[in-house]
J.: 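Dumping the structure here so I can ask a few things about it.
Throughout, numbering of the chain's residues begins at 1 and tracks the sequence.
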Amino acid sequence: MQINEAIMRLEAHEKECAVRYEAIQRQLDKADARFDRIEKLMLQGFGMMGTSIILAIALLEFLR
């Protein structure tokens with residue numbers, strides 16, 4: 001009887017862990033999406049800064 005009880009407890013534990021791992025994976029997926037969005041915004045910002053710097057240099061050279 002103890003072996004069956006141990007097997008049942010182990011199976012219940014495995015099910016509970018599976019639920020926890022699914023929740024953790026969902027949180028990681030949400031964080032991954034946020035990081036992708038932040039990365040995209042940063043790259044756009046760097047592109048705009050680079051463009052602004054080039055335009056400023058071109059304008060200064062033109063005004064010289």
Side-chain angles (χ1 to χ4, degrees):
M1 194 67 165
Q2 290 180 352
I3 293 175
N4 288 337
E5 183 181 334
I7 290 172
M8 288 176 28
R9 290 179 67 193
L10 183 58
E11 288 174 349
H13 176 75
E14 288 175 349
K15 287 179 185 177
E16 188 174 329
C17 285
V19 171
R20 286 182 183 161
Y21 288 134
E22 286 177 20
I24 291 169
Q25 188 60 49
R26 279 193 304 273
Q27 289 176 340
L28 289 172
D29 291 341
K30 287 179 184 177
D32 190 41
R34 283 195 311 262
F35 289 137
D36 287 344
R37 224 173 23 250
I38 291 170
E39 181 181 20
K40 183 179 176 182
L41 289 171
M42 286 176 56
L43 289 174
Q44 288 174 348
F46 291 144
M48 291 180 72
M49 285 182 2
T51 303
S52 298
I53 291 170
I54 290 171
L55 288 175
I57 292 171
L59 180 63
L60 291 173
E61 287 295 319
F62 179 74
L63 293 175
R64 205 198 293 190

J.: How long is the span from the NZ atom in K40 to the CG atom in L43, to the nearest 0.5 Å?
T.: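 One gets 10.0 Å once the value is rounded to the nearest 0.5 Å.
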J.: Output the distance between atom CZ (F35) and atom CG (D32), rounded to the nearest 0.5 Å.
T.: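 One gets 8.0 Å once the value is rounded to the nearest 0.5 Å.
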J.: Could you measure the distance from the CE atom of M48 to the CD atom of Q44? Nearest 0.5 Å is fine.
T.: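 Answer for the CE-CD pair, M48 versus Q44, is 8.5 Å.
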J.: Between CG of L55 and CG of L60, what distance do you get to the nearest 0.5 Å?
T.: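 Between L55 CG and L60 CG, I get 11.0 Å after rounding to 0.5 Å.
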J.: Do R34 and R37 come close enough that some side-chain heavy atom pair is under 4.5 Å?
T.: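 Side chain of R34 against side chain of R37, heavy atoms only: contact under 4.5 Å found.
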J.: Test of understanding: clusters of I, L, V, M, F, W, Y form through side-chain heavy atoms closer than 4.5 Å, transitively. Do M42 and M49 belong to the same one?
T.: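 Yes, M42 and M49 fall within the same hydrophobic cluster.
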J.: How long is the gap from SG on C17 to CD1 on I24, to the nearest 0.5 Å?
T.: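 Those atoms lie 9.0 Å apart.
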J.: Between F46 and L41, is there a shared hydrophobic cluster once you connect ILVMFWY residues whose side-chain heavy atoms come closer than 4.5 Å?
T.: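 No, F46 and L41 fall in different hydrophobic clusters.
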J.: Does E16 come within less than 4.0 Å of R20, counting only side-chain N to carboxylate O?
T.: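 Looking at R20 together with E16, the answer is yes, because their closest N to O distance falls below 4.0 Å.
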J.: What distance separates E11 CD from M8 CE, expressed to the nearest 0.5 Å?
T.: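 It is 8.5 Å, given to the nearest 0.5 Å.
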